[in-house]
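A quick note: this is a predicted structure, and the numbers were derived from the prediction, not measured. Below, each value reflects all heavy atoms present in this structure, side chains not excepted, and no hydrogens, waters or symmetry copies.
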Amino acid sequence: MEDKIKTVQEYKQEIDEALNDTFLRKTLDKFAVDYRASRETVFKEIDGNKLIKAVADAKDNACQHMEELYEKFKVEAEKRGVIVHRAKDAQEANEIISKIAQNSNAKKILKSKSMTAEETHLNHKLEEDGFEVVETDLGEWLIQLRHEGPSHMVMPAIHLSRYQVADDLTKVTNEKYDPEDIQRLVKVARVELRSKFIEGEIGVSGANFAIAENGTFGLVTNEGNARLVSTLPKVHIAIAGLDKLVPDFESALTALTVLPRNATGQRLTANVTFINGAGECGSCDDNKKELHIVFLDNGRTEIAKDPIFSQVFRCVRCGACANVCPVYRMVGGHKMGYIYIGAIGLILTYFFHGKERAAVLAQNCIGCEACKDICAGGIDLPRLITEVRNRTAEEFGHPMQVAFIGKIMSNRKLFHNLLKFARFSQGPMKTSEGYVRHLPDFLFGKHQFKSLPTLAKQAFREIYKEHAYKLENPKMRVGIFSGCAQDFIYPNHLLAFMKLMKAHNVQVEFPEEQTCCGLPLQMLAQKEVNKEVATQNVGAFKDIEKYDYIVTLCASCASHLSHSYPHILGDQAKAFSAKVIDFSSFMNDKLGIDYSLFNHSTEKVAVHIPCHQARSLGVMEQPRELIRNVADYTAMKEEASCCGFGGSYSVKFPEISKELLGNKIRRVEETDAERVVTDCPGCTMQIRGGLHKHGSKVKVTHIAELLADNLKN
């Protein structure tokens, strides 16, 4: 693996290469769809949320008692003939293992798959010291032949085609193989590796669990190679992070229940091996295997003290955060991590492999929260990635344009006046359909994959009073949080909401002091400005007790206002955040909607469920139910897959945004829908613009507009 730190420009060039890899795209696309189906099946048998909480609680407890667990494990393991080592960093861990090998007069070392060994670059050290190292996991062996790193924590060679594998095996054996004969390729690989097992003098493995109560450690594999690595050679060395320590067997079994389900959609892997002490070995002088375990710190004891980042030790290394990541699906693990892959990889890179690397990688997170939704340990991965962005921005500074945006958005009046100025200046670029006309590539470049909307003739805040009404005895009183896009681009969304509320005898108010929710600023690591606008918005709704709810028609705003504000402002936001609700939840769960007020249209309507609505808010069925009651609901595959907008993400990474949008358009075109509705103005902008550019006649609106269009009066 190339070890240099990349610039943003170099990183983007590599992303372009990945996006042009047809095989990679096809493979990851199929895997992303199949994985979700398999996982859903095996999780139906258990209470997934309860199990994940149990894993989180057990891991958090182990993290708080890391030193105690290490000392207890050491005592118990040494009773059973295990030699326990502790390394302060990667270099020391590698030196310990190399020294053991030297003392054994060994030359050939067998390795089973270990992310901790990848973390320390163990193979490089051993090869420098003159040892022959053979990876025995099939995927790891294949990428070792290619001098590459893993592209996934569980499936390290998922990026390779059968043609590449056939070519690599030809180089090893000097025989030509048919890439279509998969069974033959597997047999050749098995024959090559089995001969290595017999010759191996030392076995090196990882450890999925290190159980303190009895000094046992466990290995979880599907191929059985780890069992051979740990039994055939007369010396076995296991390397494990201190975070793999658990207090008892029950904690290990709890994690084992969720690990294979989350990793590959299996109930249990093919091989689970627990090693309790040095076993018998006839080739050893005392008939006992020489068994070592090296515990790696490498900053773990410091991370354990961090009130924000300590939760990373809940990770069971299942790789699911990559499995569901829309960006990973587009570019693969070599571009979505350094050593560790996926969302957890963006975070661990910061601690284990350099803040400069993390500063570049952490930008390539779209913020969809799919990783948090799937995590076997309940880690708040999006929040931690945000914190990595914040910390690297503090250390390396912001690009000039990002700092400029922060200055503008910290001043509500200046921000809104600039939007008004942009509205007046857009005349020459405006088409009759309300889009920005095609512009030269030097102005828009890679952003021309979709039609961009113009700003509305009048912002919602400018026309609100014309549409405001006063009810004598309203059934409830709600405040509107508009967000930027619906205020200045899609005021029709909010007008539709007011129409619906008036029909249901609900009083609506719009505090004009509100501004952007701050989510774009969070994505840009503008931590202080994000806090400033959060304070402004809470202040705008200062009479919070008079509102039954604060309704927003933007799912991303709803997520940020309700979930992020308490982290940003603490108790200051508590009352405000507690009353924030998204449109679909409000209409379906709180309002008591009267469907006798509506016609039932024959229009065929599909729904795109925004990322934050599906994952952060857990709102999936409500929008479908709203559609069914006023129109002909048409199911669409991957309704909740990311459309590629992600706010500022689509500006920073238009090449990936384009591909994600292409997937969404493909799903729309597979249906016979006449209209697609969604609960997010950003998604509206992205999907409507993409379909328009594609020449499609499918209408794209907010779900509030669908309901308002079907009111009888």
*Charged N-O contact under 4.0 Å between E394 and R391*: no
*asked:* Rounded at 0.5 Å granularity, tell me how far CD1 in I344 sits from SG in C315.
replied: 4.5 Å
*Measure up the F510 and Y464 rings against each other and bin them: parallel (under 30°), tilted (30 to 60°), perpendicular (over 60°).*
tilted
*asked:* Under the rule for ring-ring contact (aromatic ring centres under 6.0 Å, His included), what residues qualify as partners of F645, not counting sequence neighbours?
replied: none
*What distance do N417 atom CG and I408 atom CD1 have between them, rounded to the nearest 0.5 Å?*
11.5 Å
_Student check: side-chain heavy atoms of Q458 and P491 closer than 4.5 Å_ = no
_Minimum heavy-atom distance P520-S648, with the two atoms named_ = O-OG, 4.1 Å
*Would you check if the side chain of S641 reaches a backbone N or O of E638 as a donor-acceptor pair within less than 3.5 Å?*
yes
*side chain to side chain contact (heavy atoms under 4.5 Å, CB included) evaluation trace for R389 with M523*: CA-CA 8 Å; R389 284 199 190 110; M523 293 288 288; 3.9 Å; yes
*Just checking, any donor-acceptor pair under 3.5 angstrom between side chains of N588 and E625?*
no
*With respect to N663, which candidate in R666, R667, E659 satisfies the side-chain hydrogen bond (donor to acceptor under 3.5 Å, both in side chains) definition?*
R666
*Donor + acceptor pair across side chains of D632, T602 (<3.5 Å)*: no
_Option from H152, R39, R329, R36 for which side-chain hydrogen bond (donor to acceptor under 3.5 Å, both in side chains) with N323 holds_ = H152
_Please check: side-chain N/O of S482 versus main-chain N/O of D487, any donor-acceptor pairing under 3.5 Å?_
no
*Without swapping roles, check the side chain of Q536 against the backbone of S410 for a donor-acceptor pair under 3.5 Å.*
yes
*Check: H692/S451 side-chain N/O donor and acceptor closer than 3.5 Å*: yes
*Are any side-chain N or O atoms of Q622 and backbone N or O atoms of S585, one a donor and one an acceptor, separated by less than 3.5 Å?*
no
*With a 6.0 Å cut-off on ring centres, are H416 and F488 close enough?*
yes
*Indicate yes or no for a side-chain donor-acceptor contact from D582 to the backbone of C554 under 3.5 Å, with no hydrogens or angles considered.*
no
*Step by step, would you call R624 with E639 a salt bridge (Lys or Arg N to Asp or Glu O under 4.0 Å)?*
CA-CA 10 Å; R624 296 169 183 149; E639 286 178 331; 2.8 Å; yes
*Crowded around K652 NZ? As in, over 12 foreign heavy atoms under 6.0 Å?*
yes
*Looking just at side-chain N and O atoms, do H159 and E148 make a donor-acceptor pair shorter than 3.5 Å?*
yes
*Inspect the contact between K30 and D34 and indicate whether a charged nitrogen and a carboxylate oxygen are less than 4.0 angstrom apart.*
yes
*Side chain of T386, backbone of P382: donor and acceptor closer than 3.5 Å?*
yes
*Does E528 come within less than 4.0 Å of K531, counting only side-chain N to carboxylate O?*
no
*Just by distance, do the side chain of D29 and the backbone of R25 share a donor-acceptor pair under 3.5 Å?*
no
*Hey, could you give me the OG/NE2 distance between S564 and H567, rounded to the nearest 0.5 Å?*
6.5 Å
*Between H334 and E14, does any side-chain donor sit less than 3.5 Å from a side-chain acceptor?*
no
*Any donor-acceptor N/O pair, R615 side chain to A640 backbone, under 3.5 Å*: yes
*List for me each residue that meets side-chain contact (heavy atoms from CB on, under 4.5 Å) alongside E674, sequence neighbours excluded, and say none if there are none.*
E603, K604
*Please determine if E621 and R628 form a salt bridge, counting it only when a charged side-chain N lies under 4.0 Å from a carboxylate O.*
yes
*asked:* Main chain of L706, side chain of N710: is a donor-acceptor contact present, judged purely on distance under 3.5 Å?
replied: yes
*Validate the cation-pi geometry between K12 and F653: distance from NZ or CZ to the six-membered ring centre under 6.0 Å, angle to the ring axis within 45°.*
yes
_Regarding S650 and S657, do their side chains bring together a donor and an acceptor under 3.5 Å, going by distance alone?_
no
*So, are E462 and R423 salt-bridged, with charged N and O less than 4.0 Å apart?*
yes
_Is there a side-chain contact between V551 and I480 in this structure, where contact means two heavy atoms from C-beta onward sitting under 4.5 Å apart?_
no
*Working to the nearest 0.5 Å, report the span between CD of E532 and CD1 of I568.*
12.0 Å
*asked:* Between T678 and H608 (side chain of the first, backbone of the second, donor and acceptor by atom type, cut-off under 3.5 Å), is there such a pair?
replied: yes
*Please confirm whether F583 and H702 have ring centers closer than 6.0 angstrom.*
yes
